Amino acid sequence: MKLTLSNKNKVQGAWAMYDWANSVYSLVITSTIFPVYYNSVTKGIDGSDRVNFFGWEVVNTVLYSYSISFSFLIIAILSPLLSGIADASGKKLSFMKFFAYLGSISCIGLFFFDGDNLEFGIMCSVLASIGYAGSIVFYNAYLPEIAEEHEYDFLSARGFALGYIGSVILLVFNLLMIQFPEWFGVPEGSFAARFSFLITGIWWAGFSQIPFRILPKNPYKKKIESKFLLKGYEEISKVFAQVRKIPVMKRFLASFFFYSMGVQTVMYLAASFGDKELGLPGDQLILTVLIIQFVAIGGSYLFAFISKIFGNKISLMIMVFIWIGICGAAYYVYSVYEFYALAFVVGMVMGGIQSLSRSTFSKLIPEETTEHASFFSFYDVTEKLAIVIGTFTYGAIEQLTGSMRNSAVSLGFFFLVGLGFLLLVSIPKKSFTPQAIQ
């Protein structure tokens, strides 16, 4: 699909705005206010951290880890088929809308979670996670369709940067409302926290209208057939056969799988670590995440710039090395200032590794293909399975050892394996066909 210069700028700007729309979920729901609120309302009067979930007694933070694992397992199972259908029918934007609305409505549902209805709260958080993860599959697939290869790194960084900026704006607003409810005319207590979940869902759905209206609906003019389910299976099977013929893509996905176990687990469970291991109050935990977000904006562009000079592989390797150091340092963090310092380093590499991983994979997709959703489903399934295994392992180690510090150190092993596979990757500078890669 060819775009004129003016139309390209408009489409690329709209595409990046979906990061602005959905990143508030990642920050408010998964990283800051919801984990702190969840830990608070699921802690017993006697200080016990064990809860009853459909008759199963489990540690509250372990249940939260497992719920994240479950939600991403569901999307990992569904997304290959859905992306195949989207590619075969040209309905990529429709699927993106469905999952975005599922996620935003589920965030709104969390407004009614008060601790006495644990099952309802967990189900809403799982559905919100499925909505977020599902929409990202189809969102990412637009990147190679709306940009030239030399634009991938900085356009991907632009999306992540907008996401960090937008989510910080909403988080600061929510934090002020929680700390000073009288300024906003809301009741004291948990109402402000629950109201922040409602606002998050509205923000997500509202700003999504920008990409929904401007992104091309069916750029390759594919016709919708009655047997689109069968076509979906055929599409993903065809792409799987292509992936098997591209060794560099297989090696990159293997590397991405292992280092994503660590990156994504840190994203989802850093607040729980600070709460449980350091006993940090909610405002300090949220300040920590704000540090990560602000630094991540610069990190996205910094490592895009490094990749322009030294290549994507060197830039990724530098970040993985830093992540290994972060995992080791986490075991020895005991003070709030040490936690802030570690958060600064996490932010620097978190934005960069997410942004550059997405753009690197885009460069590995054959230039002549139109099945971008199907190709990106392999990327996203790899990431989702990494989250499943990473968060499950994190929760299981805490369950067995009684300490999140041991869980944090174990993540370093995943980064080491990811680094090993990354050493085997040779990222081409130009687009290629499967037959051209040996």
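None of these values were measured; they are calculated from a predicted model.
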### Message
Can a donor-acceptor pair be found, under 3.5 Å and without considering hydrogens, that links the side chain of Trp203 to the backbone of Trp20?
### Response
yes

### Message
Could you go through Ser357 and Leu316, starting from their C-alpha distance and side-chain angles, then the distance that decides it, and tell me whether this counts as side chain to side chain contact (heavy atoms under 4.5 Å, CB included)?
### Response
CA-CA 8 Å; Ser357 295; Leu316 286 169; 4.0 Å; yes

### Query
Between Gln179 (side chain) and Leu175 (backbone), is there a donor-acceptor pair under 3.5 Å?
no

### Message
Donor-acceptor pair, distance only, cut-off 3.5 Å: does the side chain of Ser359 make one with the backbone of Leu356?
### Response
yes

### Message
Applying salt bridge (charged side-chain N to carboxylate O under 4.0 Å, His left out) as the test, list every pair that has at least one member in residues 57-74; sequence neighbours left out.
### Response
Arg50-Glu57

### Task
Answer yes or no: are there more than 12 heavy-atom neighbours, outside Tyr337 itself, under 6.0 Å from its atom OH?
no

## Note on the structure
Separation between CD1 (Ile318) and CZ (Phe321), nearest 0.5 Å, reads 9.5 Å

### Query
Do the side chains of Phe99 and Ile130 get nearer than 4.5 Å, heavy atoms only?
yes

### Query
Nearest heavy-atom pair of Thr391 and Thr265: which atoms, and what distance?
N-OG1, 3.5 Å

### Task
Evaluate the criterion side chain to side chain contact (heavy atoms under 4.5 Å, CB included) for residue pair Leu419 and Met317; output intermediate values, then yes/no.
CA-CA 7 Å; Leu419 180 63; Met317 287 179 63; 4.1 Å; yes

### Message
Tell me the closest heavy-atom pair linking Ile214 and Val11, and the distance in Å.
### Response
CG2-CA, 4.1 Å

#### Entry: Shortest non-hydrogen contact from Ser135 toward Met96
CB-O, 3.8 Å

### Validation row: Arg158, Tyr301 side chains within 4.5 angstrom (heavy atoms)
yes

### Message
Return the CD to CD distance between Gln354 and Gln264, rounded to the nearest 0.5 Å.
### Response
5.5 Å

### Task
Output every pair passing side chain to side chain donor-acceptor pair (under 3.5 Å) with a member in residues 103-131, not counting sequence neighbours, ordered by first then second residue.
Ser71-Ser129

### Task
Please tell me if the side chains of Asn312 and Lys363 come closer than 4.5 Å, counting only heavy atoms from C-beta onward.
yes

### Message
If I take atom CG from residue Leu364 and atom CE from residue Met249, how far apart are they, to the nearest 0.5 angstrom?
### Response
5.0 Å

### Summary
For Ser300 and Ala157 the tightest heavy-atom approach is O-CB, 3.8 Å

#### Entry: Tyr37/Phe197 aromatic ring centres below 6.0 Å
yes

### Task
With side chain to side chain donor-acceptor pair (under 3.5 Å) as the test, would you mind laying out the steps for Tyr139 and Asp19 before giving the verdict?
CA-CA 9 Å; Tyr139 167 63; Asp19 258 315; 2.8 Å; yes

### Message
Quick check: do Ile353 and Val320 have side-chain heavy atoms less than 4.5 Å from each other?
### Response
yes

### Message
One pair to check against side chain to side chain contact (heavy atoms under 4.5 Å, CB included): Ile33 and Leu171. What are the steps and the verdict?
### Response
CA-CA 8 Å; Ile33 297 177; Leu171 178 61; 3.8 Å; yes

### Query
Is there a side chain to side chain contact (heavy atoms under 4.5 Å, CB included) between Arg194 and Phe113 once you walk through the steps?
CA-CA 8 Å; Arg194 293 189 293 112; Phe113 171 51; 5.8 Å; no

### Message
I want to check something: taking the side chain as every heavy atom from C-beta on, are Leu253 and Phe361 in contact at a cut-off of under 4.5 Å?
### Response
yes

#### Entry: Separation between CZ of Arg358 and CD of Glu383, rounded to the nearest 0.5 Å
10.0 Å

### Query
Judged by atom type as modelled, is there a donor-acceptor pair below 3.5 Å linking the side chain of Ser355 to the main-chain atoms of Gly351?
no

### Task
Answer whether the closest heavy-atom distance between the side chains of Phe413 and Val417 falls below 4.5 Å.
yes

### Atom OH of Tyr332 with >12 non-hydrogen neighbours under 6.0 angstrom
no

### Query
So how far is it from Ile165 CD1 to Phe294 CZ, rounded to the nearest 0.5 Å?
9.0 Å

### Message
Please report whether the ring centroid of Tyr101 lies less than 6.0 Å from that of Phe98.
### Response
no

### Proximity of Tyr25 and Trp204 rings by center, below 6.0 Å
yes

### Enclosure of Trp56 CH2 (heavy-atom neighbours >12, cutoff 6.0 Å)
yes

### Message
Side chains of Phe344 and Tyr340, heavy atoms from C-beta outward: is any pair under 4.5 Å?
### Response
no

### Message
Counting the benzene-type ring for Trp, do Phe53 and Tyr66 have ring centres under 6.0 Å apart?
### Response
no

### Query
Can you tell me if Ser315 uses its side chain to pair, donor with acceptor, with the backbone of Phe303 under 3.5 Å?
yes

### Message
For Tyr379 together with Phe257, are the ring centres under 6.0 Å from each other?
### Response
no

### Between Asn174 and Ser196, a side-chain donor and acceptor under 3.5 Å
no

### Query
Counting only N and O atoms by type, is there a donor-acceptor contact under 3.5 Å from the side chain of Glu188 to the main-chain atoms of Pro181?
no

### Query
Should Leu215 and Lys92 count as side-chain neighbours, where that means a heavy-atom distance under 4.5 Å?
no

### Where Pro144 and Asn140 come nearest, the two heavy atoms and their spacing
CD-O, 3.8 Å

#### Entry: Pair Tyr64-Tyr38, ring pair (Phe, Tyr, Trp, His ring centres under 6.0 Å): steps then yes or no
CA-CA 9 Å; Tyr64 184 61; Tyr38 170 83; 5.4 Å; yes

### Query
For the residue pair Ser407 and Glu398, what are the closest heavy atoms and their distance?
OG-N, 3.3 Å

### Query
Is the number of heavy atoms from other residues, nucleotides or ligands under 6.0 Å of Phe191 CZ greater than 12?
yes

#### Entry: Residue Phe184 excluded, over 12 heavy atoms near CZ under 6.0 Å
yes

### Query
Atom CE of Met17 and atom CG of Asn22: how far apart are they, to the nearest 0.5 Å?
11.0 Å

### Query
Would one find more than 12 heavy atoms of other residues, nucleotides or ligands at under 6.0 Å from atom CZ of Phe111?
yes

